[in-house]
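First comes the structure, then the notes that go with it.
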Amino acid sequence: MRQKITLTILLLLICFLGYAQNGSIVGKILDKEMNNDPLPFSNISIKGTTKGTTSDLDGLYQITEVEPGTYTLVVSFVGYKTQEIPNVVVNAGKITTVDVILAVNAASLDAIVITATTRKISEAATLLEQKKSKDIKQIIGAEELARKGVSDAAGAVTKISGVSKQEGSSNVYVRGLGDRYLNTTFNGLPLPSNDINKKNIELSLFASDVIENVSISKAYSGKQYGDFAAGNVNINSKDYKGKGSLEAFAGTSVNTNAIGENFVKSEGSGFFGDYARHKQNPFAVILSHGVDPEDVSVPINITFGISGGKSWDFENDSRLSVFGTVSFENGYEYRRGEATDFTTVEKKAFQDAEEFEYSTTTTAMGTLNYKIDDKNKLKFNSLFVNSSTNEVGYFGIDGKGRNRDAILNTDEGFYQMNAQFDQNQVFVNQLIGNHKNDKIEIDWAAGYNLVYAKQPDRKRISIENYQFALDNDASTNPTFFSNVAFDNQRYFQDIDDTEFNGRVNLAYNVNENFKLNLGYNGRSKERNFENIRYGYDIVDSDFAITDVNNLNSIFNIGNFNSDGGAIYDIKVINSIPDLGNTNRPGLAENTYTGNLDLFAGYADAEIKSEKWLIVPGIRFESFDQSIAYDVINLGNNGNSSRSAYENFILPSLNVKYELTEEQNIRFSASRTVSLPEFKETAPFVYIDVTNRIGGNPDLLGATDASFINVSDKSYSNVINIDLKYEWFFGKGEIFSVSAFGKQISDPVNRVVAFDATGTQRYFRTGEKANVYGVEFEFRKNLLQNEDEETLLSAGLNTTIMHTKQDLYNEIAGTYSVSFRENEEQLQGASPFIINADVSYSPTFGNYKPTGNLVFSYFSDRIDALGSGQLGNIIEKGVPTLDFILKNKITENFEVNFSIKNILNPDIKFVRETSGGDVLVTSTNGKGVSGFDRGRNIGFQLKYKF
């Protein structure tokens, strides 16, 4: 026995000594193309042996148990120059460190996008950037967007925890806070809004073919504008580095609701969302064009596009790269539901209404990258987006529409037709530079944005006794409802935005553990708005409408201003001097001009230790905003102006502690502000079929002694606190949980006035609001093949929130409201949000299909606060389920299939009343409520040349 024990100990000692005689090789692989960022998943091997490994998310690697000797290390990554490092000496019991910087091998690539670019858009790369960031952010890249069948940036952000999108609209909510609390940037520079009723640009305008990744920063840092509460959405545009590539795609889809309908659209717009009459006088348009919608042959959606790029290498390691993409998509949607205008009582109600919508998006982007050398880079980016929405609504199609103000019959037969075309053109131009040496890095950018948002020639016709149009009795006919001249009208609206913006950041690396950032950014923005209405004043109140589908036979120049036989006159509110307001062109009815100047300087320090990253920062920001308006709804007070000037000191603190190489704990605290928008302060009222919305100049502050609970406050103060744990436990895998809290002083809410009009306006409704919540995110690869490629993966993120704000009993200012409750949830906040997806990617030779099931849900939330005895308007929760099948037939050819909105839920807005919920429409939604959107079944072909 002793001999056996002695032999065992001896063998263990020999093994231990043998192991102790071996050494190891460790190091870091860096990416020259990405400013020496870590290059994960690169291959490292010892030449002539079977020993090797791959780098982790931080680019780190380790090869253990290497016998003493001299070796050649081979480092490779697809699309990069393979490097052989000779004379790597390994000593017994020692660690040999070898760091390697890989550069792109453009000559070896024939017709594929260089891996340096694809790496930036991969799920693993976005998680790496999320892990290494100094503040709390979440990122979704183009690879994940494609896998989940996401077609635009609006769909992208809804896959991030704590984010939801309003169905039937482009409104995005982050942590329960909506449009006014968000910011949107493109390559880090501000973007203008394309819609008068929104602060932020519609994210759906950014098609996935221009997106490299989309990120949401939920914690504030001084580099960002101080107008920050919910977060900042940043869209990074695609770049290109490679010898040459060309990719084309085409697809088609149908909406199950639209395909069986006799589809119509408003007259005057083209197939690609263009309109040829913008430069014509509106009065001339009315005289020469009718009101009837046009028939559409077959409502089948199409999409197509092409993108490509090329790089040229020059001496001294310089490179010029170009990338361009153009795409077009359209969509047909049919909605049938109810439309009710309910204030203190029912004002108008259409229990049966339908809407036809034809939408288009044309996107073109060009990018020019010039790498002067390893230390100097320039980039020019130009983006053009043309989007349009063409809606035709018929309200009261069953002949049972009700109108409290009807002349002939208040209980039935009221009917309205509304046909409108909206076109938005966005031009974004950016010049970006990066320059660095051993200690200093300068990053700068300048931008110039233009937006043209037009609603040309909206037609609205009102009819009484419409039930007579549905019977077969030729002796009974409907007539025009003409209580005032503008019950039948043509409406024209123009908006243009101009903005200059820029930033510069100087980073000084004092040493490995201390970095100082000094910077400046600013923006100067101007908006001009005007609208004009022309009303059809029906001369004969008993005029019989024999064919409700042929109104052009009535509204034409032959029936206008005829001697003794006129059917109608044309009225305008604001007449040209000496011309009168009847049958003559007029001047704009409402106008406003808004100006905003924001200029700021900031400083922060990045203090590092072995485990800690501490980033204290401070920002000094100057805010100057004014609005000058001339509107009709304020009477003698309608021609006026308001302005506000403030200086802010905004401190921030971001802390990251590395528990391990894969796990972080983050903490963030900051003070920010929330600033009013032009659309919130301009008192112009937009009147839709069943709702009205306008601004409130008191948001810029007021000093009238007779006002109640209206102060000279022009901003909301916001305190933000975040605590987050994150664990990056594998390639593309993450587990995180975070808690957050916000306190908003003088919060702004959209409120429905307790009066006959029920106009929705914006008010500072109380002293403070509190938001508390918990977020959870989990992504896991469930099955992998022998090459460690993911076969089955799943992701889940969810947010649970609690919000509470206090409410004043009464607000009396330029406009007045009162509240029956002294506290309420925050407008736009969903107590519960969930996003989930499952992906399966088997391989059958060259055939590599990927099936994705994507689910999202948000619970009920307040769409607008009720005032007086009015209850709130509630947006009911909506579940969404999509299935996307991507079929990679060959390396270059894909055939893809999708079914969107599988559950096809009802989209509802309800007014809370003492007698129960009443279905109503929303200024944030569509013209009808209680509708389903139908399922979209699509097919796409894609080929890479």
Side-chain angles (χ1 to χ4, degrees), residues 291 338-353 393-420 458-470 476-491 533-545 548 551 554 568-573 589 632-635 685-694 752-761 815 866-870 873 911 913 915 918-923 927-929:
V291 300
E338 299 182 30
T340 303
D341 186 355
F342 190 95
T343 54
T344 54
V345 295
E346 179 185 279
K347 187 176 178 66
K348 283 193 291 187
F350 305 100
Q351 292 181 332
D352 197 358
Y394 299 114
F395 301 86
I397 58 177
D398 59 352
K400 298 179 181 179
R402 301 185 296 272
N403 184 354
R404 186 184 61 184
D405 298 324
I407 299 171
L408 301 178
N409 191 339
T410 60
D411 297 325
E412 66 173 338
F414 190 72
Y415 168 93
Q416 286 189 295
M417 184 271 286
N418 189 78
Q420 68 184 62
R458 185 191 73 191
K459 302 111 176 172
R460 186 171 297 164
I461 303 298
S462 303
I463 294 175
E464 290 197 81
N465 283 330
Y466 182 78
Q467 72 274 17
F468 294 152
L470 305 178
T476 58
N477 292 289
T479 58
F480 289 109
F481 172 67
S482 189
N483 191 28
V484 296
F486 296 93
D487 287 324
N488 299 279
Q489 61 172 260
R490 306 280 280 269
Y491 175 94
R533 279 186 300 169
Y534 288 93
Y536 290 114
D537 188 11
I538 308 300
V539 175
D540 180 3
S541 60
D542 295 323
F543 180 82
I545 306 172
V548 294
L551 297 176
I554 300 171
Y568 64 91
D569 289 321
I570 298 177
K571 300 285 188 177
V572 68
I573 293 285
E589 178 180 341
I632 64 171
N633 67 83
L634 282 176
V685 176
Y686 183 85
I687 303 173
D688 213 333
V689 174
T690 53
N691 52 59
R692 292 146 299 280
I693 187 167
V752 186
F754 184 65
D755 58 29
T757 67
T759 300
Q760 297 186 27
R761 296 189 186 274
Y815 302 100
S867 64
Q869 298 304 307
L870 295 178
I873 296 178
R911 160 89 70 191
T913 74
V918 176
L919 199 65
V920 295
T921 55
S922 164
T923 58
V928 297
S929 184

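What's counted below: heavy atoms across the whole structure, side chains too, no hydrogens, waters or symmetry copies.
For the pair R402 and F414, the cation-pi test (distance below 6.0 Å, angle within 45°) is failed. A cation-pi contact links R533 to F486, judged by a cut-off of 6.0 Å to the six-membered ring centre and 45° from its axis.
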*What do the steps show when you test T479 against D542 for side chain to side chain contact (heavy atoms under 4.5 Å, CB included), and what is the final call?*
CA-CA 6 Å; T479 58; D542 295 323; 5.5 Å; no
Note to self: Show, in sequence, the C-alpha distance, side-chain angles and deciding distance for L408 and E464, and conclude whether the side chain to side chain contact (heavy atoms under 4.5 Å, CB included) test is met.
What the structure shows: CA-CA 7 Å; L408 301 178; E464 290 197 81; 3.6 Å; yes
Please walk me through it: do F480 and I545 pass side chain to side chain contact (heavy atoms under 4.5 Å, CB included)? CA-CA 8 Å; F480 289 109; I545 306 172; 3.7 Å; yes
- Item | Check against side chain to side chain donor-acceptor pair (under 3.5 Å), K348 and Q416 | CA-CA 11 Å; K348 283 193 291 187; Q416 286 189 295; 2.8 Å; yes
Problem - side chain to side chain contact (heavy atoms under 4.5 Å, CB included) evaluation trace for D398 with F350 - result: CA-CA 9 Å; D398 59 352; F350 305 100; over 6 Å; no
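Between T757 atom OG1 and R692 atom CZ the span is 6.0 Å, to the nearest 0.5 Å. From Y568, atom OH reaches atom CG of D537 across 12.0 Å, with rounding to the nearest 0.5 Å. Atom OG of S462 and atom CG of D405 lie 11.5 Å apart (nearest 0.5 Å). F543 CZ to I554 CD1: the interatomic distance, rounded to the nearest 0.5 Å, is 4.5 Å. Annotation: the span from Y536 atom OH to L551 atom CG amounts to 9.5 Å, rounded to 0.5 Å. In this structure, OG1 on T759 lies 7.5 Å from CD1 on I687, to the nearest 0.5 angstrom.
Residues N465 and N409 have side chains in contact (heavy-atom distance under 4.5 Å, counting atoms from C-beta outward). In this structure the side chain of I461 never reaches within 4.5 angstrom of the side chain of Q489, judged on heavy atoms. Within the 4.5 Å cutoff, the side chain of I873 has heavy atoms near those of the Q760 side chain. Residues I573 and I632 have side chains in contact (heavy-atom distance under 4.5 Å, counting atoms from C-beta outward). Side-chain contact between I463 and V548: present, with at least one pair of heavy atoms (C-beta onward) separated by less than 4.5 Å. No side-chain heavy atom of D352 sits less than 4.5 Å from a side-chain heavy atom of E338. Inter-residue side-chain proximity for K347 and T690 is flagged as unmet; no heavy-atom pair is nearer than 4.5 Å.
Heavy-atom minimum distance, L870 versus R911: CB-NH1, 4.0 Å. Shown here for R460 and N418, the closest heavy-atom pair between the two residues is NE-OD1, 2.7 Å. Heavy-atom minimum distance, A353 versus V928: CB-CG1, 3.8 Å. When all heavy atoms of G399 and L470 are compared, the closest pair comes out as N-CD1, 3.8 Å.
The backbone N or O of A349 sits nowhere less than 3.5 Å from a side-chain atom of N403 that would complete a donor-acceptor pair. Panel note: side chain E346, backbone T340; no donor-acceptor pair is recorded below 3.5 Å. Not a single donor-acceptor pair under 3.5 Å links the side chain of T921 to the backbone N or O of A339. Looking only at distances, a side-chain donor or acceptor of S867 sits under 3.5 Å from a matching main-chain atom of F754.
Ion pair R458/D688 not flagged as a salt bridge, since none of the NZ, NE, NH1 or NH2 atoms sits closer than 4.0 Å to an Asp/Glu carboxylate oxygen. K400 and D411 are not joined by a salt bridge, as no carboxylate oxygen comes within less than 4.0 angstrom of a charged side-chain nitrogen.
A donor and an acceptor atom, one from each side chain of N633 and Y815, are located under 3.5 Å apart.
Qualifying salt bridge (Lys or Arg N to Asp or Glu O under 4.0 Å) partners for D487, counting only residues two or more places apart in sequence or in other chains: none.
Taking the six-membered ring for Trp and the full ring otherwise, F395 and Y415 have centroids separated by 6.0 Å or more.
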